[in-house]
Enquirer: 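Have a look at the structure that comes next, please.
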Amino acid sequence: MLHRLNEVGLADIVEKLDACQRLSFDDGVRLFECPDLLALGWLANREREKRHDGRTYYNFNIRLEATNVCVASCLFCSFARLRPGDPGSYTMSLEQAWDKLRERAHQPLTEIHVVNGLHPDLPFDYYLDMLRGFKRIRPGIHLKCFTAVEIAFFADLYKMSDEQVLRELQAAGLDSLPGGGAEIFAERVRRKICHDKCGADRYLAIHRTAHALGMRTNVTMLYGHIETHEERVDHMLRARALQDETGGLQAFIPLAFHPDNNQMRKLPAPSATETLRVHAVSRLMLDNIPHVKAFWIATGVDVAQLSLWFGVDDLDGTVQEEKIYHMAGARTPEAMTTTAIRRLIRAAGRDPVERDTLYNVVIGPESPDDAPVLVQ
Ligand code: V47
């Protein structure tokens with residue numbers, strides 16, 4: 001492969017990586033323009049294997065979207081319904097939200113991932129009580145809830161600082177923040193696709209504060225719409241700079257734009273090759289973020305499997321009941337069993353590792369893929 005990387009003019013980048021030197025903005029743009037996808041994948045895979053060998057992580061989680069009422073008007077979103085009472089809008093009662101966890105009492109879940117619309121009328125206690133209830137039902141469960149965009153919204157609505165909001169949620173049981181809401185950090189893109197929600201600086205500041213309070217977080221990147229290669233690289237470098245400061249980011253998650261049922265439906269969905277390229281470049285640019293995750297719901301199961309040779313070491317989890325992508329046209333299943341995830345990792349020639357949210361090993365690669373698992 002080295003001669004192919006030479007041929008496409010990337011020998012200097014290979015040298016930098018060999019010397020454990022950081023790649024620059026221009027390097028990132030050149031990687032996006034590299035015509036040889038396999039050579040790029042090979043290079044990203046080398047970085048992946050330096051960190052994780054063949055280990056490929058997933059977790060046993062559920063997704064909960066407690067309301068789709070949302071005051072923001074992101075053009076790419078097919079999930080939000082603007083006002084309570086609009087056709088298709090819903091808001092779960094706390095009992096309904098808690099039932100989603102009670103119904104899974106038989107499953108060895110380790111995480112609930114909660115993402116909501118920005119609801120203008122719910123009291124802060126709704127969210128605090130939701131978290132307390134989850135911990136009452138299942139004290140050991142990890143609560144990865146509320147994007148930085150939701151945290152900013154709570155702070156403005158309830159007239160608190162971002163830090164106060166995080167502290168109160170943490171006291172009620174919040175363990176970490178998911179990476180949603182990052183989209184593309186560049187102001188040009190945000191103005192066009194999500195002008196009325198929290199900007200990039202505040203998003204990153206909220207993650208910085210969460211890290212200072214001892215929480216881990218993820219960062220996402222929505223790609224395949226109107227963003228340029230330069231804007232993708234800029235996005236990655238802003239995440240990398242935050243990580244230099246705090247070390248609190250666990251995973252970088254590129255999210256493929258889905259065009260159905262939203263105001264950007266005229267755009268085509270990103271291709272499989274583009275998806276592989278974005279994940280590979282992410283691995284190469286983000287030298288300080290431990291994990292690059294392919295969210296299989298967004299990439300498709302087959303491409304997620306291939307991505308394990310293009311820099312990816314994490315596939316998210318069982319998910320179960322995902323709405324945001326399925327309302328935007330995703331044709332992936334809504335859930336995968338842990339056996340199915342382990343088999344697809346194994347079939348790719350990689351080693352499946354079930355992890356908890358903080359990447360502690362729950363079931364190692366040596367376990368058989370259909371091993372019975374203990375219910376917590
Ligand atoms: O922020 C919304 C994206 C995100 C569309 O932290 C869309 O572990 C594509 O952040 N096409 C929410 N994307 C999901 C998310 C996430 C997913 C998996 C793991 C983690 C994690 C976080 O979904 C939103 C937005 O960027 N989104 N609509 C759409 N039409």
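Ligands are counted one by one from 1 in listed order, and the atoms in each one are counted from 1 as well.
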Enquirer: Below 3.5 angstrom, do we get any N/O pair linking Asn218 and ligand 1?
Expert: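 The answer is yes, given that Asn218 and ligand 1 share an N or O pair closer than 3.5 Å.
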Enquirer: Does an N or O anywhere in Ala328 fall below 3.5 Å from an N or O of ligand 1?
Expert: no
Enquirer: Backbone, side chain, both or neither: what part of Met264 comes under 4.0 angstrom of ligand 1, heavy atoms only?
Expert: neither
Enquirer: Tell me which part of Pro178 gets within contact of ligand 1: side chain, backbone, both or neither, using heavy atoms under 4.0 Å.
Expert: both
Enquirer: Just let me know how Val149 lines up against ligand 1, side chain, backbone, both or neither, with a heavy-atom cut-off below 4.0 Å.
Expert: neither
Enquirer: Heavy-atom contacts under 4.0 Å between Ile297 and ligand 1: side chain, backbone, both, or neither?
Expert: neither
Enquirer: With a heavy-atom distance limit of 4.0 Å, tell me whether Ala256 approaches ligand 1 through its side chain, its backbone, both, or neither.
Expert: backbone
Enquirer: For Thr147, which part has a heavy atom under 4.0 Å from ligand 1: side chain, backbone, both, or neither?
Expert: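 Answer for Thr147: neither.
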Enquirer: Pick one of side chain, backbone, both or neither for how Phe76 approaches ligand 1, counting any non-hydrogen atom pair under 4.0 Å.
Expert: both
Enquirer: One pair to check against ring pair (Phe, Tyr, Trp, His ring centres under 6.0 Å): His225 and Phe76. What are the steps and the verdict?
Expert: CA-CA 9 Å; His225 44 93; Phe76 54 81; 7.2 Å; no
Enquirer: State whether Trp309 and Arg350 meet the cation-pi test: NZ (Lys) or CZ (Arg) under 6.0 Å from the six-membered ring centroid, and within 45° of the perpendicular axis.
Expert: yes
Enquirer: In ligand 1, which numbered atoms sit nearer than 4.0 Å to a non-hydrogen atom of His113?
Expert: 16 (C), 19 (C), 20 (C), 21 (C), 22 (C)
Enquirer: Which part of Tyr325 is near ligand 1, with near meaning a heavy atom under 4.0 Å away: side chain, backbone, both or neither?
Expert: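 Side chain only.
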Enquirer: Parallel, tilted or perpendicular: which fits the ring planes of Phe185 and His235, with parallel below 30° and perpendicular above 60°?
Expert: parallel
Enquirer: Which class fits the ring pair Tyr223 and His279: parallel under 30°, tilted 30 to 60°, perpendicular over 60°?
Expert: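 Rings of Tyr223 and His279: perpendicular, over 60°.
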Enquirer: How far is atom 4 (C) of ligand 1 from its nearest protein heavy atom, and which residue and atom name does that atom have?
Expert: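 Ranking protein heavy atoms by distance from atom 4 (C) of ligand 1, first comes Leu255 CD1, 3.8 Å.
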Enquirer: Distance to 0.1 Å, residue and atom name: give those for the protein heavy atom nearest to atom 25 (C) of ligand 1.
Expert: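 Going atom by atom, the protein heavy atom closest to atom 25 (C) of ligand 1 ends up being Glu183 OE1, 3.4 Å.
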Enquirer: Less than 6.0 angstrom from the centroid, inside 45 degrees of the normal: does Arg232 satisfy that with respect to the ring of Phe32?
Expert: yes
